[in-house]
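Encoded as structure tokens, the structure appears first; notes follow it.
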Amino acid sequence: MAATVEPVISLRARRPSALGSRLQSARDFARRLWKSPSARLGGFIVLVCFTIAFAVPIVDSDYQALGSSNLRARYAEPDCVVRFVEGVVYDSETKPRIPWSEVACNYPMGADKNGRGIFDRVGHGFAVTLRTSVLAVSIALSIGSVIGMVAGYLSGWVDSVAMRSMDIILAFPALLLAIAIVTIRGPGLTNGMIAVAITQIPIYARLSRSMAISIRNTEYVTAARSLGTHSRAVIWRHVVPNSLAPLIVQATLGLGTAVIETAALGFLGLGQQPPNPELGKMLAEGQQGLLSGKWWMMAFPGAAIIMIVLGFNLLGDGLRDVLDPRLKK
Amino acid sequence: MMTYILRRLLESVPVLLGISVLSFSILHLIPGDPAVGILGDRATPENVERIREQLGLNRPLHVQYVNWMGNILEGDLGRSARGNVSINNELRTRFPATIELALAAMVISMAVGLPMGIIAAINRNTIIDTAVMMFALTGVSIPIFVLGLLMIYVFGVELGWLPFVGRMDINLVRDFEPITGLYTVDAILRGDWAVLEEALRRLALPALTLSTIPTAIIARITRSSMLETLNQDYIRTARAKGLRSNTIVLRHSLRNALLPIVTVIGLQLGALLSGAVLTETIFSWNGVGKWLLDSIIARDYPIVQAMTLLLAAIYIMINLLVDLLYAVIDPRIRYS
């Protein structure tokens, strides 16, 4: 009967190492994320977007926005696309099909009023829009979460001052504030990015403040403080890791908003300046061609923006369901 | 309740002051002399001096602010830097244009969004639910300016069904004295059906464009709020009593689900102001949003200041009203 006694030592052996448990939870997280169809689709789209944004400037590194004009190709139709549609949709009896080997594909997405290929411009504009939005959200996320965590953890007058200032920023509709900031600083891509970042700071500040307040009152933080740990260390070791999940969800959804706002500023002529491509700017150019039926000038940049925003929104929804079950719809 | 309303009103004062300072400082944060900014680099010194005098730039900063704010509190928004036009007069035609557009968009999004959300909630986890949710997701993912251009191309250019430039055919309203300034309302009040038809035709595309995002958001919140109430015990009781399912859905479930829906509708009304800047620009709709943007491009800073302040103040007031409405709808919430 003595054989049934469990050796005490195995308890130690079974306790997973810190690294092991982290790997385990990462694997759990990935598995749960994979189960969500919207996260899967969104993740795929986002991956494609980032691949395009990274690859285009490398593959086509000698792209010159000015030098690519070709006045002979002004408003050229998207050649191979149109031929393909004609070949499929129209009756090949009345309209003899051109053999595929003879179809030119110089302008797969057509050309704009200066004869610049939309395909190249969408590629580079894509990279610009996405890069600007990611930078804007990174700035907003870092500044906003520092403000929020410090305010929430310290409370008192720091909290009051910080949060009232955030209220004033939030009092403006986001795009209106961005427009006002660009008015002050002058139009341009960098100023547009700063404007988008400022409009998003309060969102992260509020979120991380509420996380900091709830974490501040937990027992392990009281324990750490009674041991004499400095506030900075408590925030860094306890508050930051525990508020990451909701912040990541918010940042993903915020990226979709940032893309819309960056493109909106570009569309209004307050962001990227000509001749450089940016998706919103290209749409404004497309509006001029619309009346004469040049749909391609607007369709491709428009589709690119929708793709990015849809990707981030799908991924954000999926992440929220996994990381933050309380917010589950 | 009274104390709560009073406290909320008092709390909004510092925020309003904050936005007034921010709107005021737009003029002074621009690098360089604002008068030169307005006139351009080649302006003569006399003209620069004239503009400086007109804008009051020669006085100390705090005096300028107090004067500006004092005039606004008296209801005078000032005069434009170009042409010296009274902003109040211009606003009399521009403001109703924006209100008409925003209200039309709100009516559409409520008429479409609410039923969509209810239908999705009743048919939970079916193909209908998925379709509604996919529509809602697409709705929030298509930027207004992409959708607006798409509408113009499809309905305006290709099909040629609807006009897409401006609010009204000038010939129709040559001797049309405005009552409210909203063409649709004025036309009904006067019984002028030709004007009404034209006003509605021109309103259709911009209002539809502006309404997609609120429609999607209202559909989403209605669905999730309805799902919550449909699981409650009193719904089961109602079913057990043998009530018709329409009665259960509309009288028992929807009524209790309304609180978050009303909140979202209110907040969306505020957000429509942002969207109006883009929509009005695309459809050449002469409202406040387009005016703000045109003034930025023309560097007419007094108009920019006044419009920024006006739009932000409206936004805050709407948010405040929503909060107050919250307390009225749900007596369980005890503020103060």
Side-chain angles (χ1 to χ4, degrees), chain A residues 38 42 164-165 167-187 253 256-257 259-261 263-264 266-270 279-280 283-284 286-287 290-295 297-299 301-314 317 328-329, chain B residues 11-12 14-19 21-23 25-31 133 137-138 140-150 152-154 156-158 220 223-224 227 270-278 281-282 289 292-293 295-297 299 301 304 307-308 311-313 315-316 319:
Chain A
S38 74
R164 288 299 82 74
S165 339
D167 281 351
I168 293 177
I169 299 183
L170 270 184
F172 286 91
L175 185 63
L176 192 63
L177 180 65
I179 291 176
I181 295 169
V182 174
T183 315
I184 294 167
R185 297 187 50 93
L253 294 169
T257 319
V259 168
I260 292 185
E261 280 169 8
F267 180 76
L268 296 172
L270 303 172
L279 294 179
L283 271 174
Q287 187 176 11
L290 217 52
L291 290 183
S292 40
K294 298 179 182 67
W295 53 270
M297 286 176 66
M298 168 236 138
I305 296 178
I306 295 174
M307 179 170 111
I308 307 179
V309 180
L310 198 64
F312 282 125
N313 282 348
L314 279 167
D317 276 356
K328 195 162 185 168
K329 290 169 288 178
Chain B
E11 271 175 7
S12 62
V15 179
L16 280 170
L17 271 179
I19 40 173
V21 171
L22 217 67
S23 310
S25 35
I26 288 177
L27 184 65
H28 301 275
L29 288 173
I30 317 158
M133 285 300 100
L137 189 74
T138 323
V140 289
S141 302
I142 300 185
I144 283 184
F145 43 97
V146 177
L147 189 70
L149 294 186
L150 203 67
I152 289 182
Y153 182 68
V154 174
V157 178
E158 279 293 306
R220 270 183 131 169
R223 174 182 175 271
S224 64
L227 283 180
L272 282 182
L273 295 174
S274 253
V277 177
L278 290 164
T281 308
I282 298 171
L292 174 66
L293 197 76
S295 309
I296 288 177
I297 291 162
R299 302 193 194 179
Y301 297 116
V304 178
M307 288 310 104
T308 317
L311 288 179
Y315 191 62
I316 290 183
N319 285 354

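So that the names make sense, note that chain A is the first sequence line, chain B the second, and so on, each numbered from 1.
Both the backbone and the side chain of B:L150 come within contact range of chain A, each with at least one heavy atom under 4.5 Å from a heavy atom of that chain. Of the two parts of B:I282, the backbone and the side chain both hold a non-hydrogen atom closer than 4.5 Å to a non-hydrogen atom of chain A. Heavy atoms of A:A174 lying under 4.5 Å from chain B belong exclusively to its backbone.
Under the side chain to side chain donor-acceptor pair (under 3.5 Å) criterion, B:S141 pairs with A:N313, sequence neighbours left out. For B:Y315, there are no ring pair (Phe, Tyr, Trp, His ring centres under 6.0 Å) partners at least two apart in sequence or on another chain.
With chain B as the partner, the residue from A:G256, A:G280, A:S165, A:A263 showing the most heavy-atom pairs under 4.5 Å is A:A263. The candidate with the highest count of non-hydrogen atom pairs below 4.5 Å against chain B, out of A:A303, A:G269, A:A264, is A:A264. Annotation: maximal heavy-atom pairing with chain B below 4.5 Å, among A:I306, A:V182, A:L290, A:I169, occurs at A:L290. Of the listed residues A:L310, A:I181, A:L170, A:L314, the one with more heavy-atom pairs under 4.5 angstrom with chain B than any other is A:L310. Across A:V309, A:I308, A:I260, the residue that shares the most heavy-atom pairs under 4.5 angstrom with chain B is A:V309. Between chain B and the options A:I184, A:I168, A:L175, A:T257, heavy-atom pairs under 4.5 Å are most frequent for A:I184.
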Could you give me the CA-CA distance, side-chain angles and deciding distance for B:I296 and A:L270, then say whether side-chain contact (heavy atoms from CB on, under 4.5 Å) is met? CA-CA 10 Å; B:I296 288 177; A:L270 303 172; 4.2 Å; yes
So B:L137 and A:D317, side-chain contact (heavy atoms from CB on, under 4.5 Å) or not? Walk me through it. CA-CA 10 Å; B:L137 189 74; A:D317 276 356; 3.7 Å; yes
Go through the steps for B:F145 and A:L268 under the test side-chain contact (heavy atoms from CB on, under 4.5 Å), then give the verdict. CA-CA 10 Å; B:F145 43 97; A:L268 296 172; over 6 Å; no
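Atoms CG and CG, from A:L176 and B:L292 in turn, are 6.0 Å apart once rounded to the nearest 0.5 Å. In this structure, the separation between CD on A:Q287 and OH on B:Y153 is 14.5 Å, given to the nearest 0.5 Å. In this structure, the separation between CD1 on B:I297 and OG1 on A:T183 is 9.5 Å, given to the nearest 0.5 Å. The distance from atom CG of B:L278 to atom CD1 of A:I179, rounded to the nearest 0.5 Å, is 7.0 Å.
Minimum heavy-atom separation, A:I305 to B:P143: CG2-CG, 3.4 Å.
Side-chain contact check for A:W295 versus B:V157: every heavy-atom pair is 4.5 Å or farther apart.
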